[in-house]
Amino acid sequence: MAKLKINYLRDKNQNNSFIVKSAMIILAIILICIFLPKQPRFRYEFEKGKVWNHENLVSPYNFAILKTQEELNKDREQILKTVQPIYNLNSSVSKEQIDQFNTDIAEKWQIANMDSISNQDKETYQSVGNALLSYVYNRGIISLNNRYQNKGLNAEQVDQAQSQYNFTLLQDNVAQQKNTADIFTIESANQYIESNLSRNNKIDQKSWLAETLKNYVTINYIFHENLTNKAEQNALANISTTRGMVQKGELIAEKDKIISNETYQKLTSLRKVFEDEARISGNQGYVMLGHFVVISMCVSLLMVFLYFFRSTIFDSNRLLFIILIVIISMLGVLSWAINMKIPNLYYIPYCSVPIIFRVLFDTRVALNIHLLMVLLAALFVPNSFEFVFLQFMTGMVAIYSIRTLVKREQFLVSSLIILGTYIIAYVGLVLTRNGSISTIYWTDIIPFVVSVGLTLLAYPLIYAFERLFGIVSDLTLMELTNSNSRLLRELSLKAPGTFQHSLQVANLAEAAIYKIGGNPLLIRAGALYHDIGKMSNPLFFIENQKTDINPHAELTPEQSAQIIISHVHKGIEMAKKNQLPDVIIDFIRTHHGTTKVDYFYNMALKNNPDKLVDESIFKYPGPVPFSKETAVLMIADSVEAASRALKEPTEESINNLVDKIVDYKIAQRQFINSDITMRDITEVSDIFKSMLKSIYHVRIDYDVNKKTALATPNTKN
């Protein structure tokens, strides 16, 4: 009855997990459909300079030909040349400055010590000053605007016109057309005053009066920027975006003919008209249905891949959620960028997605997800072939460039490689499209630089995903393998022999996993922490005993066995207390599997020949290894520990030791749950034998007569 209840609960949990998984996938498909632009796509893909591979295309209706961006820019320049800047006349300026001059002249007269001049002459100075100021203010004083100087003039005209331009003057809401040639600037007004005074015989102190009048010369024609900008905007709004018409039935593109500039513009215009017409009159329900079908196919293929080849990810709703949320977010950002009409879609760091998934999972997962996202993006981005080509190429390069992430600077190196790929691929596309280097606009590379710079944000995102969802990436494993970390440093101080043993096990296991395939960083981290439980009773383990005193001598075999076995439990407790990831704790749980502490078990049998010994007391709790990495670590741990007991480490003794240990583990069924094959085990054994011989300096002495090899320890070292 209890067994039936357990099976029922297990089936119920599996059903609930399936429901949650299905709901997530369907919700993801719906959200992606919402993000996609709601319009039918033009059925033809085309590029300037390429051959039209479709049948002859005849215009289905009349439509106007859109101008190119170059034509629009040229029209814009021409229109702006016709717009005159607008100035306001500030009539109060002249009155204020002249009144101020009349007020200040008496004081300035005294300061200049000109009392010897009669009052009649003083009035003459004042009268001449008033007349000059009135004249320059009546004519107008302006500050030339660099924005309009030389506007529309060639070099010869600039010399002739002396950077003069027409403008509109507003005075009491009445507009007048004027030219800066007829108006003073502050400099020219001062020059005029000096020139006029130099010809005036009534004034003796010409320089004094000229310098005095300069203090009262200021601008009275004020540039009205808002009205000028409004006039320019009104003029630009009247620019026609089209030129000419294509009549219904007119041939637009001919099969096997090169798409010329004119043909390309007609095709672009037809696509715009088609999409606008479809947006207005098309059935949006069918558009949504089409999007749903296509997106469902793409997402389903990804789920099939995960189900067959990455079942651990597929079975985890948490990991599936991460994948779907990243895909939805990136496609949402891309759709937002299209709707906002940002200058270039390549500003978006599309390559950050494959980098994130490569670090969090592996190469195949990252490549499949990137392919899915590129295909979905192709549904609604303009110039989809170019976009797909560039993003797929750079995405693959991004994944391959961090295939083995062992240093953090690889992110920077990877970014530079991605940027180089963008530039090379872009130049190649431009050359194939236009056949000319002159058409390569190097300013178009700026979006690639920005995108690659933003791609570096993948690193903090990876950290965020790790913390939020409990994922262990290679970056975290790199940090864990640092021997200066707090827990490993504590191990080296409390149990130095165990620490050295862990280092040797890590070297053996890492070399083996490189050979048979696996995660070297994971197994190295697991090896370094697998025996941390020995810190609680370090002297009960032979590698930490510095004297001939053995604490086990005063204990029964059962007590000794329990102390030895307890290092697994205590190691798990320490790992959890120090917040080590579960994948590292798995190595602590499984590195002895369900084997026995044979030494103390045999001692118990020997001491009690007539008594039934409880075998369970001497057994490790398990479980047995359930991955290739944990299986390799089990072998490496046993081999390294046993090799220390070899009195004469010869080639034969090392070979026999490794083979004996491996056969024992197989006989004890320790590898039944791990995905390691007999071929893998054989290769692992060979690597361990070779490395142990190097560690113990075993050399081969060849007997020339017998042509046999005897392995002996190298005593010279």
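A cation-pi arrangement, defined by a distance under 6.0 Å to the six-membered ring centre and an angle within 45 degrees of its axis, is absent between Arg310 and Phe361.
For the residue pair Asp444 and Tyr346, no side-chain donor N or O sits within less than 3.5 Å of a side-chain acceptor on the partner. For the 3.5 Å distance criterion, the side chains of Asn482 and Ser485 fail to qualify, holding no donor opposite an acceptor. Between the side chains of Gln670 and Thr594, at least one donor-acceptor pair of N or O atoms lies under 3.5 Å. Using a 3.5 Å distance cut-off with no hydrogens or angles, the side chains of Ser483 and Arg489 do not pair a donor with an acceptor. For Arg524 and Asn519, the side-chain atoms include no donor-acceptor pair closer than 3.5 Å. Tyr529 and Thr481 form no side-chain donor-acceptor contact under 3.5 Å, judged by distance and modelled atom types alone. A donor-acceptor contact under 3.5 angstrom links the side chains of Glu543 and Thr498, judged on distance only.
Test Asp531, Ile588, Ile572, Asn537 against His567 for side chain to side chain contact (heavy atoms under 4.5 Å, CB included) and you get one pass: Asp531. The side chain to side chain contact (heavy atoms under 4.5 Å, CB included) test with Leu521 singles out one residue from Leu477, Thr476, Ile513, and that residue is Leu477.
Under the 30°/60° scheme for interplanar angles, the aromatic rings of Tyr422 and Phe448 are found to lie parallel.
Scanning both residues, Ile523 and Glu629, for their nearest heavy atoms gives CD1-O, 3.3 Å. Closest heavy-atom contact between Ile687 and Ala512: CD1-CA, 3.8 Å. Across all non-hydrogen atoms, the minimal contact from Ile585 to Ala575 is CG1-CB, 3.6 Å.
Between atom CD1 of residue Ile661 and atom CD of residue Glu640 there is a gap of 10.0 Å, rounded to the nearest 0.5 Å. For the atom pair CG of Leu376 and CD1 of Ile327, the computed distance is 8.0 Å after rounding to the nearest 0.5 Å.
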Donor-acceptor pairs under 3.5 Å, side chain of residues 630-638 to any protein atom, not counting sequence neighbours: which ones?
unit_1: Thr630; atom_1: OG1; unit_2: Phe626; atom_2: N; d: 3.3
unit_1: Thr630; atom_1: OG1; unit_2: Ser627; atom_2: N; d: 3.1
unit_1: Thr630; atom_1: OG1; unit_2: Ser627; atom_2: O; d: 3.0
unit_1: Thr630; atom_1: OG1; unit_2: Ser627; atom_2: OG; d: 3.0
unit_1: Asp637; atom_1: OD1; unit_2: His501; atom_2: NE2; d: 2.7
unit_1: Asp637; atom_1: OD1; unit_2: His530; atom_2: NE2; d: 3.1
unit_1: Ser638; atom_1: OG; unit_2: Met634; atom_2: O; d: 3.2
unit_1: Ser638; atom_1: OG; unit_2: Lys665; atom_2: NZ; d: 3.1

With a 3.5 Å cut-off and sequence neighbours excluded, list the donor-acceptor pairs that the side chains of residues 616-625 form with protein atoms.
unit_1: Ser616; atom_1: OG; unit_2: Asp614; atom_2: OD1; d: 2.7
unit_1: Ser616; atom_1: OG; unit_2: Asp614; atom_2: OD2; d: 3.2

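At least one side-chain heavy atom of Ser674 sits under 4.5 Å from a side-chain heavy atom of Phe671.
Val450 is linked by a side chain to side chain contact (heavy atoms under 4.5 Å, CB included) to Tyr347, Ile446, Leu454, counting only residues two or more places apart in sequence or in another chain.
With ring centers used as reference points, His370 lies 6.0 Å or more from Phe357.
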